[in-house]
Amino acid sequence: MLFRSQITLLFNSKKGIIFDYLNNKYKMVDYSKYNNKNISYSTPKAFKGLENDVIIYINNLYRTNYSEHYVAVSRAKVLAYIFDATQKS
């Protein structure tokens with residue numbers, strides 16, 4: 001069984017993209033307002049040296065360097081999901 005406290009969302013910046021299911025669209029949010037005992041939110045740089053069972057890494061390939069990618073995906077003890085949030089025009 002997986003608990004919410006075992007999940008961490010990592011974004012490239014203090015503002016992240018989340019999916020708003022009620023309006024069926026993506027939106028930018030300030031993840032620091034949502035930190036609680038459930039799912040944790042952070043940047044790869046701030047999460048360096050920490051780990052969690054599941055890491056969901058939402059990145060922007062154009063704004064991230066290789067070391068940030070490595071830090072983000074290597075924080076997972078069990079499972080890592082990687083999503084590319086690069087906007088294509």
Discussion item. Check this for me: K77, atom NZ, are more than 12 non-hydrogen atoms of other residues, nucleotides or ligands nearer than 6.0 Å?
Written reply: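 Correct, the count exceeds 12.
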Looking only at heavy atoms, which two atoms of [X] and [Y] are closest? And how far apart?
X   : Y   : value
A80 : V73 : CB-O, 4.2 Å
G49 : R75 : N-NH1, 3.2 Å
I7  : L2  : CD1-CD2, 4.0 Å

Practice prompt. Can you label the angle between the H69 ring and the Y57 ring as parallel, tilted or perpendicular, going by 30° and 60°?
Written response: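 Rings of H69 and Y57: perpendicular, over 60°.
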Practice prompt. Check the pair V71 / F47 against side chain to side chain contact (heavy atoms under 4.5 Å, CB included), numbers first and verdict last.
Written response: CA-CA 8 Å; V71 168; F47 207 68; 5.8 Å; no
Item to complete: To the nearest 0.5 angstrom, please state how far the CD1 atom of I56 sits from the CD1 atom of I82.
Response: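 Nearest 0.5 Å value for the CD1-CD1 distance: 11.5 Å.
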Worksheet item: Once you round to the nearest 0.5 Å, how far does CD1 of I55 lie from CG of L10?
Response: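 Reported to 0.5 Å precision, the distance equals 5.0 Å.
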Discussion item. Closer than 3.5 angstrom, by distance alone: can the side chain of D53 be matched with the main-chain N or O of T8 as a donor-acceptor pair?
Written reply: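 No, D53 side chain to T8 backbone: no donor-acceptor pair under 3.5 Å.
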